[in-house]
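Okay, so here's the structure we're looking at.
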Amino acid sequence: MFATVSDQLLTWYDAHARALPWRVGPGEAQPDDPAWPYRVWLSEVMLQQTTVAAVKPYFKAFTQRWPTVFDLAAASEDDVMAAWAGLGYYSRARNLVKCAKVVAELGAFPATEDELRKLPGLGAYTAAAIAAIAFGEHAIVVDANVERVVARLFALDEPLPAARKAIRERTNSITPENRAGDFAQAMMDLGSQICTTRAPRCLLCPLSGDCAGRKTGEPETLPVKPPKKAKPERRGTAYWIEREGKVWLVTRAGTGMLGGMRALPDDGWSAQADGSGKPPMAGETTDLGAVRHSFTHAHLTLQVVRIEGQGTPAGEGVWWPLDELDGAGLPTLYAKAARLALA
DNA sequence: AAAGCGTGGGA
DNA sequence: TTCCCAAGCTT
């Protein structure tokens, strides 16, 4: 008997699937739960470019606070942004609110890949994943894990991103008619647990017998990726203005770096790479030190400077109680800066 | 269509 | 320490 690739993978998945809060399992929501598509959607958006370990606590907090898409649609954007703080890629949180409102207005999540693809924050991958996992559609789900597994399985040595067309065709060729959602998740589990980037565990792989990449002797070299660019160094200054147990916080512009997030006032480092902007008020300054932070596309050294001055700082802002700073929803960069100032 | 957009963990 | 990168999307 000749089991297909998908049969072998699904058999492996039935025995080795990771227990995750957004999957079927003891104590978790089941597919017949009315909020099932909501939970699949929420988890998929959170998982974009983000590790499972990082997502788990956020997923639990969100689903506890906003159990349905209607609850989320009714939430204030500020609350959602603050709840997302620390998870990164904050445009996801803005699109999350937009999407929830659209879905609430529709009355339910659309059930097809094509319709899902039109929602804010849902690209090719996420629309296909939700269609397959939440609605059982025979969708072709391709993420970075699938790219890696498929490139190795078929020994595709064309470099990314040009290889994506062939990868998609090959993925289509092995996606089963039934259980497309389980198949997608199985591919991702395999990619993250077995067919890993650096040192694939081929001895544990249910597909090793069919893997052309393994036969080459160096599957870890696939897929071939383009060289990366060096990250530029940036410098900037953030200001710590404290008065009567409160600190002055601003909300960053809606788009761009840390867009829409609460923050310490700064010198415009994200717009001016040399951090040549001005402080928000005059006064005596004290250098509190610097924090290092790396973004996807740049490294930053952020100087933290205390200002002791009179009156209200320039621009919009709020005096935020220091004993409630955890609830301010500061992204990690500014949480680091605050930690330094309070040390 | 190339570039911008966060973060934390592993090697 | 430094680099790489993880269930991508948007413009």
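In what follows, chains are A, B, ... by sequence order, proteins preceding strands, each numbered from 1.
Across all strands shown, A/R18 has heavy atoms under 4.0 Å from base atoms, whether or not it also approaches the sugar-phosphate. As judged by a 4.0 angstrom heavy-atom cut-off over every strand, A/G191 is placed among residues making no nucleic acid contact. Using a 4.0 Å heavy-atom distance criterion, A/R164 is classed as making no nucleic acid contact. At the heavy-atom level, A/W22 lies under 4.0 Å from base atoms of the strands shown.
Note on A/K228: a side-chain N or O is less than 4.0 Å away from OP1 or OP2 of C/dC5. OP1 or OP2 of B/dT7 has at least one side-chain nitrogen or oxygen of A/Y90 nearer than 4.0 Å. Close to B/dG8, at under 4.0 Å from its OP1 or OP2, lies a side-chain N or O of A/T332. Phosphate contact (OP1/OP2 of B/dA3, side-chain N/O of A/H297, threshold under 4.0 Å): absent. In this structure, A/H293 does not reach the B/dG6 phosphate: none of its side-chain N or O atoms is under 4.0 Å from OP1 or OP2.
Here C/dT10 is the nucleotide among B/dG6, C/dC5, C/dT10 with the atom lying nearest to any side-chain atom of A/N95. Among the nucleotides C/dC3, B/dG6, C/dT10, the one closest to the side chain of A/R117 is C/dT10. Counting only heavy atoms from C-beta on, A/T197 has its side chain closest to C/dC5 among C/dG8, C/dC5, B/dA2. Between B/dC5, C/dA6, C/dC9, one nucleotide has an atom nearer to the side chain of A/T126 than all others, and that is C/dC9. The listed nucleotides are B/dA3, B/dG6, C/dC4; the one nearest the side chain of A/R198 is C/dC4.
In this structure, the side chain of A/R92 engages the main chain of A/Q48 through a donor-acceptor pair within 3.5 Å. With A/Q30 contributing its side chain and A/E28 its backbone, the two residues share a donor-acceptor pair below 3.5 Å.
Place A/R92 and A/P161 on DNA chain B by their nearest nucleotides, and A/P161 ends up nearer the 5' end. Comparing A/R292 and A/L20 against DNA chain C, the residue whose closest nucleotide sits nearer the 5' end is A/R292. Mapped onto DNA chain C by nearest heavy atom, A/L122 and A/R23 fall at different nucleotides, with A/R23 at the one closer to the 5' end.
Atom CD in A/Q185 sits roughly 16 Å away from atom C1' in C/dA6 (whole-Å rounding). The separation between A/Y334 atom OH and B/dG6 atom C1' is 13 Å, rounded to whole Å. Remark: C1' of B/dT7 and CG of A/L333 are 11 Å apart, rounded to the nearest angstrom. Distance NE2 (A/H299) to C1' (B/dC5): 15 Å, rounded to an integer number of Å. Between the CG atom of A/L300 and the P atom of B/dT7 there is a distance of 11 Å, rounded to whole Å. Atom-to-atom, CD of A/Q193 to C1' of B/dG9 comes out at 14 Å; the value is rounded to the nearest Å. Atoms CG (A/L87) and P (B/dG8) sit 9 Å apart, rounded to a whole Å. The distance from atom NZ of A/K98 to atom C1' of C/dC9 is 12 Å, rounded to the nearest whole Å.
Side chains of A/R252 and A/Y334: a donor-acceptor N/O pair is present below 3.5 angstrom, by distance only. In this structure, a donor-acceptor pair under 3.5 Å is absent between the side chains of A/T11 and A/D14.
Using the six-membered ring where Trp is involved, A/H293 and A/F295 have ring planes that are perpendicular, over 60° apart on the 30 and 60° scheme.
Rounded to the nearest Å, the gap between the P atom of B/dG6 and that of C/dT11 is 14 Å.
Applying the salt bridge (charged side-chain N to carboxylate O under 4.0 Å, His left out) test to residues at least two apart or on different chains, the pairs with a partner in residues 144-155 of chain A are A/E147-A/R164.
Under 4.0 Å is where a charged nitrogen must lie from a carboxylate oxygen, and between A/E233 and A/R292 at least one such pair does. A/E113 and A/R117 are not joined by a salt bridge, as no carboxylate oxygen comes within less than 4.0 angstrom of a charged side-chain nitrogen.
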Might you work through the salt bridge (charged side-chain N to carboxylate O under 4.0 Å, His left out) test for A/K101 and A/E105, ending with a clear yes or no?
CA-CA 6 Å; A/K101 290 182 192 304; A/E105 188 66 25; over 6 Å; no

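Of the residues in residues 31-56 of chain A, A/Q49, A/T50 come within less than 4.0 Å of DNA chain B through at least one heavy atom, sorted by number.
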